[in-house]
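In what follows, a single structure is set out as structure tokens and then discussed.
All of these numbers come straight from a predicted model, not from anything done at the bench.
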Amino acid sequence: MPVPAAVRNYLRKMLRGTLGLAIGSVTAFAELFYVLFGGAALAIPALREPVFAGAHVLSEVERRRLEKYFGNRNAMDYTDSRAMAYLVPRCVIGLVCAGIFVMILLGAGSGVIIAYQLFNGQSPGGGAPADWYDPVTTALFGALLVFLALQGLLGAATLDEKLARHFFGPSKQETLRRRVSELATSRAEVVEAVNDERRRIERDLHDGVQQRLVALGMLLGRARRAGDPDHASDLLRQAHEESQRALEDLREVSWRVYPIALDSDGLHPALEALAERSGVPVHLRVDLPERPPAAIETVVYFVASEAVTNTIKHAAATRIDIEAERDGDRVRVRITDDGTGGARESGGGLSGLARRVAAADGEFAVDSPPGGPTVVTAVLPCE
């Protein structure tokens, strides 16, 4: 009977973690000696810099071990002094883990000996003949020891991971500095996104509505100068048709600026209207039990709208799928098309979307291999 894939993956993960703990137990001895002798060497000012540098090398070994065997990705920009401070509790945890491995080996050896004695009819320890309860008590006691050993290894692994996150992660001051930097960048991106939006509106008005109105004025002027009533009537008919097209362009521009349905009805009806107005078939799935905040609805809508517009203009797609769903305390929108692919996050309207999403503390990604499909994903907090 084949072993299920989930079980194989779990066993593989456990074996990889156990190997990582065993390697950490070995490196703990080197770290212990380094902490003892390096700590004493810190009393000499001339030796402080090389001692801290060596501590950084040992800490980097541990960081890479945790990343390889446990999948923990910690920061690499920690200071040398924090690396030295990390090695002090780290070597203690490693030595405790080494002690657990030693006890496991001793317990395994004792278990083999006791099993051999029971198989030969002797009680554990040899000498007297085995009683009926000896195998039962031995099995129960062995199971208890195995449980305690496994709990010890899991506890050591948890401490190892938490210790690395504490020392390799940025300090509170560094976290605040990075946050301020992110906010400054986000503010600049918001300003740039607004400017891009204004330029786009200006182009739409200049190249669309304004040209329609110019043509309308010319038709009305020709109608006024026409001497033939039939010709004037024909020009007026054309002017009327041109006014209708100008109104359609104006409605399109106003819809792209901000759809009124988004305020009055919410995200789902606005996306339905977007799907109806699309020149490519759009399949919509919205799973939002509660309405997100208005600001998040606006970002989600414009991500979908711009992605659909880019698909129609550049992708030669025959189908577009829009999915908007609640994912815990976040809203996820995914736009997929079967077009030619090759879209880049840094190009065209997608870069503006990335800035708009970043301004809302969201995540934006574009997956568009050559030949397609293209998947545009935005994840936004909705607390």
Close side-chain approach of [X] and [Y], heavy atoms under 4.5 Å:
| X | Y | result |
| --- | --- | --- |
| Y86 | R90 | yes |
| F52 | T79 | no |
| R285 | D321 | no |
| V375 | I335 | no |
| R291 | L267 | no |
| I322 | H283 | no |
| T318 | V280 | no |
| F167 | R63 | no |

Which pair of non-hydrogen atoms, one from [X] and one from [Y], has the smallest distance, and what is that distance?
| X | Y | value |
| --- | --- | --- |
| A149 | I104 | CB-CG1, 3.7 Å |
| C97 | L153 | SG-CD2, 4.1 Å |
| Y301 | A270 | CE1-O, 3.7 Å |
| A28 | L95 | CB-N, 3.7 Å |
| A378 | V303 | CB-CG1, 4.1 Å |
| Y34 | P50 | OH-O, 3.8 Å |

Exercise for the section: Check step by step if side chain to side chain contact (heavy atoms under 4.5 Å, CB included) holds for T18 and L21. Expected result: CA-CA 5 Å; T18 303; L21 286 176; 5.7 Å; no

Taking [Y] as the starting point, is it possible to reach [X] by hopping between hydrophobic residues whose side chains are less than 4.5 Å apart?
| X | Y | value |
| --- | --- | --- |
| V96 | F101 | yes |
| V376 | V286 | yes |
| V300 | L284 | yes |
| L159 | V61 | no |
| V35 | L32 | no |

Measure the spacing between [atom1] of [X] and [atom2] of [Y] and express it to the nearest 0.5 Å.
| X | Y | atom1 | atom2 | value |
| --- | --- | --- | --- | --- |
| T138 | Q117 | OG1 | CD | 9.5 Å |
| K162 | I93 | NZ | CD1 | 10.5 Å |
| I100 | L154 | CD1 | CG | 9.5 Å |
| T298 | L380 | OG1 | CG | 11.0 Å |
| L19 | M14 | CG | CE | 13.0 Å |
| R16 | L11 | CZ | CG | 11.5 Å |

Problem - Salt-bridge criterion met for R82 and D80 (N-O under 4.0 Å) - result: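 So R82 does not pair with D80 through a salt bridge.
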
Problem - Salt-bridge criterion met for R332 and D327 (N-O under 4.0 Å) - result: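 Yes, R332 and D327 are salt-bridged.
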
For [X], what are the other residues in its hydrophobic cluster, where any two members join if their side-chain heavy atoms are less than 4.5 angstrom apart?
| X | result |
| --- | --- |
| V146 | L150 |
| F147 | L144, L148 |
| V379 | none |

Handout entry: Sequence-distant partners of S368, side-chain hydrogen bond (donor to acceptor under 3.5 Å, both in side chains), two or more places apart
Key =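 Checked S368 against side-chain hydrogen bond (donor to acceptor under 3.5 Å, both in side chains); matches are T374.
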
Practice task
May I ask you to check whether E60 and H56 show a side-chain donor-acceptor distance below 3.5 Å?
Solution key: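 Checked: E60/H56 side chains show no N/O donor-acceptor pair below 3.5 Å.
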
Practice task
Ignoring hydrogens and angles, tell me if any N or O in the side chain of T311 forms a donor-acceptor pair with the backbone of A307 under 3.5 Å.
Solution key: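 Yes; at least one donor-acceptor contact below 3.5 Å.
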
Problem - Side-chain donor or acceptor of S243 paired with backbone N/O of H240 under 3.5 Å - result: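 Here the side-chain-to-backbone pair exists.
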
Practice task
Determine, stepwise, if the pair F168 / S59 fulfils side chain to side chain contact (heavy atoms under 4.5 Å, CB included).
Solution key: CA-CA 9 Å; F168 294 155; S59 297; 4.0 Å; yes

Problem - R48, CZ: over 12 other non-hydrogen atoms inside 6.0 angstrom - result: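 Above 12, so yes.
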
Problem - Flag if over 12 foreign heavy atoms under 6.0 Å of CZ, R64 - result: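 No, CZ of R64 has 12 or fewer neighbouring heavy atoms, counting only those of other groups under 6.0 Å.
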
Handout entry: Pairwise side-chain hydrogen bond (donor to acceptor under 3.5 Å, both in side chains) hits with a residue in residues 152-161, at least two apart
Key =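 Qualifying pairs, neighbours excluded: R65-D160.
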
Exercise for the section: Tell me, please, which residues at least two apart from S110 pass side-chain contact (heavy atoms from CB on, under 4.5 Å). Expected result: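 Scan of S110 (side-chain contact (heavy atoms from CB on, under 4.5 Å), adjacent residues dropped) gives none.
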
Exercise for the section: Go through V357 and V299 one step at a time and tell me if the side chain to side chain contact (heavy atoms under 4.5 Å, CB included) criterion holds. Expected result: CA-CA 7 Å; V357 171; V299 176; 4.1 Å; yes

